[in-house]
Amino acid sequence: MDLGIDGNAALVTAGTAGLGLASAEALARANCDVAVCGRDTDRLERAEAQLEQLGDGDVLAVEADITDEAELEGFVDETIETFGRLDHVVTSAGGPPSGPFSETTDEEWYDAYDLLVMSVVRTVRAAQPTLSEDGGGTVVNITSRSVKEVIDDLVLSNSVRRAVIGLMKTLSHEFAPDVRVNAVMPGAHETSRIEELVEQGVERGDYPDYEAGLDDWSEGIPLERVGDPEELGEAVAWLSSERASYIDGAAVPVDGGSTRSV
């Protein structure tokens, strides 16, 4: 399907691994110019090399910490300066620490808010004037199915990520009609994080092999498998595209049907 965004410019925060990288890859395959940021130099170089192989657009990789306001705003400014435009923003972030309420410190609460919420606020605030210039801009926030249905031992994700959904819905009204704002709510996907957790389980003897561990992660998912990150990336690219031009303020589950709430 032609997404109609050939030649557009897209920015993806924390886009060097996991679902952020998968989203950047999907946008690159749609022939967008793509900018990604990350803190790890090696990951940044690998992501840049991967993205350069996927489409006709240019690639910008910037070392930046999304919890650092100056670095994040600098990333947005450098993207606009390099590409001369900015059409699509995708916000992504790593997950906060797991754990129950009783073991979560004040510092962890503030860190999670900075990571998950303020990174979105600062990115969108810096990008919005350029997104709105010609109309047709988009923002897609990558959150988690935990904003819809709480997950045991993830009090920070369950609580703090919901602020991003409230922000998304608010901005979908404030920025319309020039900029559409949506979110995706991913369930389990076979990212490097899940791969690491499964491999650790194999080493501990919890699973006889990697496939058995992946099957365990698939338990309770109606489609009976975890997602491929590419599938989430394609959903993000579609929401960013002209094919989804009448979708605004939506939080879309991409979880194989695992969320039970309506």
Side-chain angles (χ1 to χ4, degrees), residues 11-21 23 36-40 43 62-76 89-128 139-174 181-189 191-194 196-197 200 217 229 232 236 249-255 258-261:
L11 174 154
V12 184
T13 61
T16 62
L19 301 180
L21 177 58
S23 300
V36 296
C37 74
R39 293 180 298 177
D40 186 294
R43 275 188 174 181
V62 176
E63 187 173 347
D65 181 348
I66 65 171
T67 65
D68 185 299
E69 182 176 4
E71 290 186 11
L72 188 53
E73 291 177 352
F75 170 51
V76 176
V89 166
V90 179
T91 65
S92 177
S98 61
F101 174 80
S102 59
E103 297 176 11
T104 303
T105 66
D106 282 5
E107 183 180 8
E108 288 173 327
W109 278 103
Y110 283 115
D111 286 348
Y113 191 80
D114 218 27
L115 173 68
L116 299 176
V117 181
M118 291 310 300
S119 65
V120 177
V121 170
R122 291 163 177 160
T123 301
V124 175
R125 185 166 56 203
Q128 186 264 333
V139 176
V140 179
N141 305 127
I142 300 175
T143 60
S144 166
R145 75 179 185 90
S146 66
V147 305
K148 187 78 168 175
E149 187 172 86
V150 299
I151 301 171
D152 290 347
D153 273 342
L154 292 183
V155 66
L156 290 173
S157 183
N158 293 339
S159 304
V160 178
R161 286 188 190 273
R162 293 186 178 212
V164 177
I165 296 299
L167 175 64
M168 176 277 293
K169 195 66 175 178
T170 301
L171 297 183
S172 73
H173 286 248
E174 287 191 12
V181 187
N182 295 292
V184 290
M185 303 180 293
H189 285 72
T191 60
S192 57
R193 175 60 175 158
I194 282 187
E196 178 184 347
L197 291 172
Q200 289 173 354
W217 273 86
L232 186 283
V236 169
V252 181
V254 188
D255 61 2
S258 59
T259 302
R260 292 182 176 274
S261 59

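- One N or O on the side chain of Ser144 and one on the backbone of Ser146 form a donor-acceptor pair closer than 3.5 Å.
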Report task. Start with the C-alpha gap between Ile142 and Val90, add the side-chain angles, then the distance that decides, and say whether side chain to side chain contact (heavy atoms under 4.5 Å, CB included) holds. Result -> CA-CA 7 Å; Ile142 300 175; Val90 179; 3.8 Å; yes
Side-chain polar contacts of residues 158-165 - donor-acceptor pairs under 3.5 angstrom, sequence neighbours left out - could you list them?
| residue | atom | partner | partner atom | Å |
| --- | --- | --- | --- | --- |
| Asn158 | OD1 | Ile151 | N | 3.0 |
| Asn158 | ND2 | Ile151 | O | 2.9 |
| Asn158 | ND2 | Leu154 | O | 3.0 |
| Ser159 | OG | Val155 | O | 2.8 |
| Arg161 | NE | Ser157 | OG | 2.8 |
| Arg162 | NE | Val147 | O | 3.4 |
| Arg162 | NE | Asn158 | O | 3.2 |

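- Of all heavy-atom pairs spanning Pro96 and Leu115, the tightest one is N-CD2, 4.4 Å.
- A salt bridge is absent between Glu71 and Arg39; no separation between the charged side-chain nitrogens and carboxylate oxygens falls under 4.0 Å.
- The line from OG of Ser98 to CG of Asp152 is 11.5 Å long, rounded to the nearest 0.5 Å.
- Environment of CD in Glu196: crowded, with over 12 heavy atoms of neighbouring residues, nucleotides or ligands closer than 6.0 Å.
- The side chain to side chain donor-acceptor pair (under 3.5 Å) contacts involving residues 164-173 comprise nothing, where partners must be two or more places apart or lie in separate chains.
- For the atom pair OG of Ser92 and CG of Leu232, the computed distance is 8.5 Å after rounding to the nearest 0.5 Å.
- Proximity of Arg145 to Ser261: side-chain heavy atoms (C-beta onward) are nowhere separated by under 4.5 Å.
- Residue Met185 comes nearest to Ala251 through the heavy atom pair CE-O, 3.4 Å, listed as atom of the first residue, atom of the second, then distance.
- To the nearest 0.5 Å, the span separating CE on Met118 from OG1 on Thr67 amounts to 11.5 Å.
- For the pair Ala126 and Glu73, the tightest heavy-atom approach, listed with the atom from each and the gap, is CB-CG, 4.4 Å.
- Shown are Asp114, Val117, Thr91; of these, the side-chain contact (heavy atoms from CB on, under 4.5 Å) with Arg122 is made only by Asp114.
- With Thr123 contributing its side chain and Val120 its backbone, the two residues share no donor-acceptor pair below 3.5 Å.
- For the side chain to side chain donor-acceptor pair (under 3.5 Å) test, no residue two or more places apart in sequence or in another chain qualifies with Thr143.
- Remark: the backbone N or O of Gly249 is paired with a side-chain donor or acceptor of Asn182 at under 3.5 angstrom.
- Annotation: the span from Glu174 atom CD to Leu167 atom CG amounts to 8.5 Å, rounded to 0.5 Å.
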**Report entry** Test side chain to side chain contact (heavy atoms under 4.5 Å, CB included) applied to Asn141 and Val181, step by step
**Finding:** CA-CA 8 Å; Asn141 305 127; Val181 187; 4.2 Å; yes
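- Considering all non-hydrogen atoms of both residues, Ala188 and Ile194 come closest at CB-CD1, 3.9 Å.
- Taking each heavy atom of Ser258 and Glu149 in turn, the nearest pair found is O-OE1, 4.1 Å.
- Distance check: Thr13 OG1 to Leu72 CG gives 7.0 Å after rounding to the nearest 0.5 Å.
- For the pair Leu156 and Pro97, the tightest heavy-atom approach, listed with the atom from each and the gap, is CD1-O, 3.7 Å.
- Panel note: side chain Gln128, backbone Arg125; no donor-acceptor pair is recorded below 3.5 Å.
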